[in-house]
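Only one structure is covered here, and it is reproduced in the block below.
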2 protein chains.
Amino acid sequence: MTGTGTEEKSNLADIAYVQLKRDITEGVFRPGDKLLMSALRERYDIGAGPMREALSRLVAERLVTAASQRGFRVATMSIDELRDIYFARAQLEALITELAVQKGGDSWEAGIIAAAHTLSRVTEIHAPEEMLTLWDSRHKAFHLAIASGCGSPKLLELRETMLDQAERYRQLWLREMVFSSEALERKREEHRVLVDKLLSGKSTEARQEMFEHMMNPIPIITEILCQRGIR
Amino acid sequence: MTGTGTEEKSNLADIAYVQLKRDITEGVFRPGDKLLMSALRERYDIGAGPMREALSRLVAERLVTAASQRGFRVATMSIDELRDIYFARAQLEALITELAVQKGGDSWEAGIIAAAHTLSRVTEIHAPEEMLTLWDSRHKAFHLAIASGCGSPKLLELRETMLDQAERYRQLWLREMVFSSEALERKREEHRVLVDKLLSGKSTEARQEMFEHMMNPIPIITEILCQRGIR
DNA sequence: TTTTATAAAAATGTAGATATTTTTATAAAA
DNA sequence: TTTTATAAAAATATCTACATTTTTATAAAA
C-alpha cells in the first residue's frame with residue numbers, strides 16, 4: 001500500500017453523497033428543486049440503490065426532504081429558517097466558546113493565534129475565486145481552532161451539523177464579504193476583539209462576543225434573500 | 001379517505017428504520033454486534049436496497065457504524081461516550097432552559113405544571129413494565145414541555161438528536177430508577193425544585209438547576225456499565 | 001509460526017419488474 | 001365557454017432478484 005494510512009475506501013453511495021451535498025450547497029440544485037432519480041443517476045453515473053442511500057443521508061442532515069413515493073427535493077430556504085439556524089448556531093458556538101475559554105490550555109491559545117495569523121494573511125494578492133475559497137477555509141479553521149478547546153466531541157459534532165445546515169446561507173454572505181474591503185476590514189477587527197477576549201480568560205464576555213459575531217451576518221443575508229424573492 | 005389527515009405513507013426503508021432503531025435501543029442488537037445483511041433482510045422481510053437505506057440513516061444518527069465493504073455494526077458504548085453525551089446534552093438542555101425561562105409565557109408555564117402533575121400521578125398502581133413505559137413517556141413529556149418554550153425549532157432538533165443518542169444509556173438508568181421508591185421520590189423532589197426555579201423567572205438559576213439534574217444519572221449508569229464489563 | 005492459495009461468505013451494485021403518482025386527454029356538467 | 005370529473009397514458013419511485021466485487025475463513029506450503 002502507498003499513501004498515508006488513512007486510505008478510506010468508499011462505495012458509490014459515499015461518492016454520490018459527497019458530490020450531491022456539494023452540488024446542493026453550491027447551488028447547482030436550487031432550494032425546492034425536484035431531485036429526479038433519472039437525472040441524478042445520469043449525473044453521478046450510478047444505480048438507483050446507492051443514489052437513494054446518498055439521498056437518505058442528506059435527508060437525515062436536513063439538506064434534502066423526502067416524501068414517500070414522491071421522491072426527493074432540495075430543502076427550501078427561508079428567512080425564518082435563516083434566523084433560526086443562525087440563532088441556534090450562535091447560541092451553540094457561544095456555549096462552546098465559553099467552555100473552551102474555561103478549559104484554556106497553552107496549545108489551544110497557540111492554535112488560535114496561529115490560525116488568526118494565517119487568516120490575516122489572505123489578501124488581494126490572489127485571484128478573486130481563489131481568494132474566496134482561501135479566506136473561507138482559513139476562516140473556518142480559525143473558528144474551529146477556538147471551538148476545539150471545549151473538550152467535548154459531541155458538542156463539536158453538533159456544531160458541525162449546524163455548520164452544514166448554515167452552509168447555503170453562509171455562501172451568500174461570503175461573496176458579499178470577501179469582495180468588499182471594508183467588510184473584510186470590519187471582520188478583521190471583530191476577530192481581533194474576539195481573540196483578545198478569548199485570551200483574557202473572561203469566559204462570559206468571550207461567550208457574549210462570540211454570540212454577537214455569529215449573529216452579525218443575518219441582516220446581510222436577509223437582504224440577499226429578499227432580492228432573490230425568497231421570504 | 002378515512003383517518004385523521006396525518007396519514008403518512010411509508011416505504012419499506014422507513015419501516016425497517018423505525019424497527020431497527022427500536023431493536024437497537026432496546027438491546028435486541030447489542031453494542032458492537034455485526035449487523036449481517038442476510039439476518040436483517042430475514043428479520044424485517046425486506047430487500048438489501050431498502051435495508052441499506054435504513055442503515056445509512058442510522059449511521060447518520062450515530063447509532064450504527066459503517067465500514068465500506070465490511071458492512072454495518074451497532075455503535076459501541078463506553079463510559080467515555082456516556083460522559084460526553086450526557087455532558088453535551090446537559091449543556092444543551094440547560095441552554096434551552098435558560099432561553100425558555102427568559103421567553104416565558106403563560107401557556108408555557110401551564111404546560112409545565114400540567115406535565116408535572118401528570119408525571120406525579122404515575123405510581124405503583126401499575127404493573128411494573130407498564131409503569132416503566134408510562135413514567136418514561138410522561139417524564140419525557142415533562143422535559144419537552146420545558147424545552148419547547150425556547151422558541152427555536154433548530155435547538156429542539158439538536159436536543160432530539162442528543163436524546164436519541166443518549167437513549168441506550170438512559171434505558172439502563174430508567175430501570176434502576178423506576179423500580180426504586182427512594183430514587184423515584186428523589187427525582188420527584190428534583191422536579192419540584194426545578195419547576196420552582198422555572199416559574200420564578202430566574203433564568204440563570206434555572207439553567208444551573210437543569211444542568212445538574214441532567215448530570216445526576218451519570219454515576220448510576222457508570223456503575224451499571226462497569227458491572228457489564230463495558231469500559 | 002508465517003505466508004500464500006483457495007473456497008466460502010458477505011457486501012455492493014445493476015437491471016428490470018412492479019406499484020404509485022402525475023399528467024394528459026376526453027367527456028360531462030355548469 | 002369554462003369548469004369539473006373520469007379514464008387512459010406516461011413518468012416516476014420503489015423494490016427484488018441476480019451478478020459482481022471484496023472480505024474473511026480455511027487449509028496447504030514455506
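In what follows, chains carry the letters A, B, and so on, assigned in the order in which the sequence lines appear, proteins first and then strands, with residues in each chain numbered from 1.
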Where do A:Arg62 and B:Glu157 land on the side-chain contact (heavy atoms from CB on, under 4.5 Å) test, with the steps shown first? CA-CA 11 Å; A:Arg62 303 288 190 272; B:Glu157 215 171 279; 3.0 Å; yes
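In this model, no donor atom of one side chain and acceptor atom of the other lie less than 3.5 Å apart for A:Thr25 and A:Glu167. A donor atom on one side chain and an acceptor atom on the other are not found under 3.5 Å apart for A:Tyr86 and A:Gln91. Judged purely by distance below 3.5 Å, without hydrogens or angles, the side chains of B:Tyr17 and B:Glu53 never pair a donor atom with an acceptor atom.
Where DNA chain D pairs in unbroken runs of 3 or more (Watson-Crick or G-U, both distances under 3.5 Å), the stems are C:1-30 with D:1-30.
At a threshold of 4.0 Å, the pair B:Arg83-B:Asp80 counts as salt-bridged, since one of the basic side-chain nitrogens sits closer than that to a carboxylate oxygen. With respect to B:Glu26 and B:Arg168, no salt bridge is recorded, no charged nitrogen being found less than 4.0 Å from a carboxylate O.
Sorted by residue number, the list of members of residues 56-65 of chain B with any non-hydrogen atom under 4.0 Å from DNA chain D is empty.
Between B:Leu92 and B:Met214, every side-chain heavy-atom pair lies at or beyond the 4.5 Å cut-off.
Whole-Å rounding puts the B:Asp14 CG to D:dT14 P distance at 9 Å.
Rounding to the nearest 0.5 Å places CG of B:Leu40 at 9.5 Å from CG of B:Asp23.
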Reading nucleotides 10-16 of chain C 5' to 3', which nucleotides get B (base under 4.0 Å from a protein heavy atom), which S (sugar-phosphate only), which -? SSSSB--
